[in-house]
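Let me begin by presenting the structure, written as structure tokens, before commenting on it.
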Amino acid sequence: MSHIYCPECGFQNLEAANYCTKCGALLHTPEPAEQTQTFSPEEVGDELGQLDDMRIEGPALVVRSGGGRAGETFTPQGDRTTIGRSPDCPVFLDDVTVSRRHAVLVQRDGRWFVEDQGSLNGTFVNRERVESSELSDGDELQIGKYRLTFLAS
């Protein structure tokens, strides 16, 4: 039978024990595991200043904050552009707060829409959680911890 000694009091405990029988101290440090973090729009700050100075032609999504990628620009590719954590997504947002296939940017009749794809943390337009929403020039889109601005033209 194997034993483990308490780091606090030195008492000899069974190896399968998580806590010391004598003093109650933790015997094992839990292994770190991947965790999913949730961010609300109020928790995320604005890392990028004015878009006017950037001279970007739309339609485009400009990263305003999140992941140290402020200023990065994504241009929709075709009528459907997938946004997600998967490297296969044209709008690749590499963070655990973003689902692999989080949302889709869709063009219909000359108008742009964002559609959530059943993501864990949701998709927000102008700080309101949406399943699907039409986008207008200057709308703020939040996906996970990323805040992006939609530019229509």
Side-chain angles (χ1 to χ4, degrees), residues 4 6-8 15-20 24-153:
I4 186 170
C6 175
E8 297 295 321
E15 187 174 25
N18 290 323
Y19 296 94
C20 177
L26 181 64
L27 297 175
H28 299 282
T29 305
E31 294 293 321
E34 183 177 316
Q35 296 179 355
T36 300
Q37 298 176 341
T38 303
F39 291 87
S40 69
E42 293 77 28
E43 293 174 317
V44 181
D46 192 3
E47 296 174 6
L48 186 65
Q50 298 297 319
L51 287 173
D52 299 337
D53 301 335
M54 297 181 71
R55 311 274 189 265
I56 298 170
E57 297 288 323
L61 288 173
V62 180
V63 178
R64 298 289 304 266
S65 65
R69 296 173 62 185
E72 192 169 339
T73 303
F74 297 98
T75 304
Q77 299 172 353
D79 291 340
R80 292 182 62 83
T81 303
T82 306
I83 304 167
R85 191 177 75 226
S86 170
D88 299 335
C89 294
V91 180
F92 174 53
L93 303 175
D94 188 20
D95 190 78
V96 296
T97 62
V98 179
S99 298
R100 285 180 183 83
R101 301 212 181 281
H102 196 102
V104 176
L105 193 60
V106 181
Q107 183 181 25
R108 282 189 223 113
D109 301 322
R111 300 178 344 201
W112 288 96
F113 298 84
V114 65
E115 297 175 352
D116 187 82
Q117 300 295 291
S119 66
L120 177 65
N121 289 330
T123 300
F124 295 81
V125 174
N126 298 325
R127 299 182 182 242
E128 291 185 29
R129 189 171 184 154
V130 298
E131 294 298 317
S132 178
S133 178
E134 183 174 358
L135 296 173
S136 300
D137 190 48
D139 279 350
E140 179 185 271
L141 179 63
Q142 183 171 341
I143 295 179
K145 72 176 185 179
Y146 292 91
R147 284 176 51 198
L148 306 103
T149 297
F150 177 75
L151 300 177
S153 56

Would you sort out whether Arg101 and Thr82 count as a side chain to side chain donor-acceptor pair (under 3.5 Å), showing the intermediate values? CA-CA 7 Å; Arg101 301 212 181 281; Thr82 306; 5.0 Å; no
Worksheet item: Within the side chain of Asn126, is there an N or O that forms a donor-acceptor pair under 3.5 Å with the backbone of Glu140?
Response: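 Yes, Asn126 side chain to Glu140 backbone: donor-acceptor pair under 3.5 Å.
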Exercise. Using atom types as modelled and distance alone, determine if a side-chain donor or acceptor of Asp139 lies under 3.5 Å from a backbone N or O of Phe150.
Key: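 No, Asp139 side chain to Phe150 backbone: no donor-acceptor pair under 3.5 Å.
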List the atom of [X], the atom of [Y], and the distance in Å for their closest heavy-atom pair.
X: Cys6; Y: Ala25; answer: SG-CB, 3.9 Å
X: Thr81; Y: Pro90; answer: CG2-CB, 3.8 Å
X: Tyr19; Y: Gly24; answer: CD2-O, 3.5 Å

Exercise for the section: Decide yes or no on side chain to side chain contact (heavy atoms under 4.5 Å, CB included) for Asp95 and Lys145, but give the supporting numbers first. Expected result: CA-CA 8 Å; Asp95 190 78; Lys145 72 176 185 179; 3.3 Å; yes
In Å, rounded to the nearest 0.5 Å, how long is the span from [atom1] of [X] to [atom2] of [Y]?
X: Gln107; Y: Phe113; atom1: CD; atom2: CZ; answer: 10.0 Å
X: Leu93; Y: Leu61; atom1: CG; atom2: CG; answer: 9.0 Å
X: Tyr146; Y: Glu72; atom1: OH; atom2: CD; answer: 8.5 Å
X: Ser136; Y: Leu151; atom1: OG; atom2: CG; answer: 12.0 Å
X: Ile83; Y: Ile143; atom1: CD1; atom2: CD1; answer: 4.0 Å
X: Glu131; Y: Arg129; atom1: CD; atom2: CZ; answer: 7.0 Å

Heavy atoms of other groups near Phe92 CZ, more than 12 under 6.0 Å
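Enclosed: over 12 neighbouring heavy atoms sit under 6.0 Å from CZ of Phe92.
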Please tell me if the side chains of [X] and [Y] come closer than 4.5 Å, counting only heavy atoms from C-beta onward.
X: Arg85; Y: His102; answer: no
X: Arg127; Y: Arg147; answer: yes
X: Leu27; Y: Pro7; answer: yes

Fill in: Intermediate values then yes/no, side chain to side chain contact (heavy atoms under 4.5 Å, CB included), Thr123 and Leu141
CA-CA 7 Å; Thr123 300; Leu141 179 63; 3.7 Å; yes
**Prompt:** Going through the distances and angles, do Leu135 and Leu105 end up as a side chain to side chain contact (heavy atoms under 4.5 Å, CB included)?
**Reply:** CA-CA 9 Å; Leu135 296 173; Leu105 193 60; 3.4 Å; yes
(Q) Arg100 vs Gln117, test: side chain to side chain contact (heavy atoms under 4.5 Å, CB included). Steps then yes/no. (A) CA-CA 10 Å; Arg100 285 180 183 83; Gln117 300 295 291; over 6 Å; no
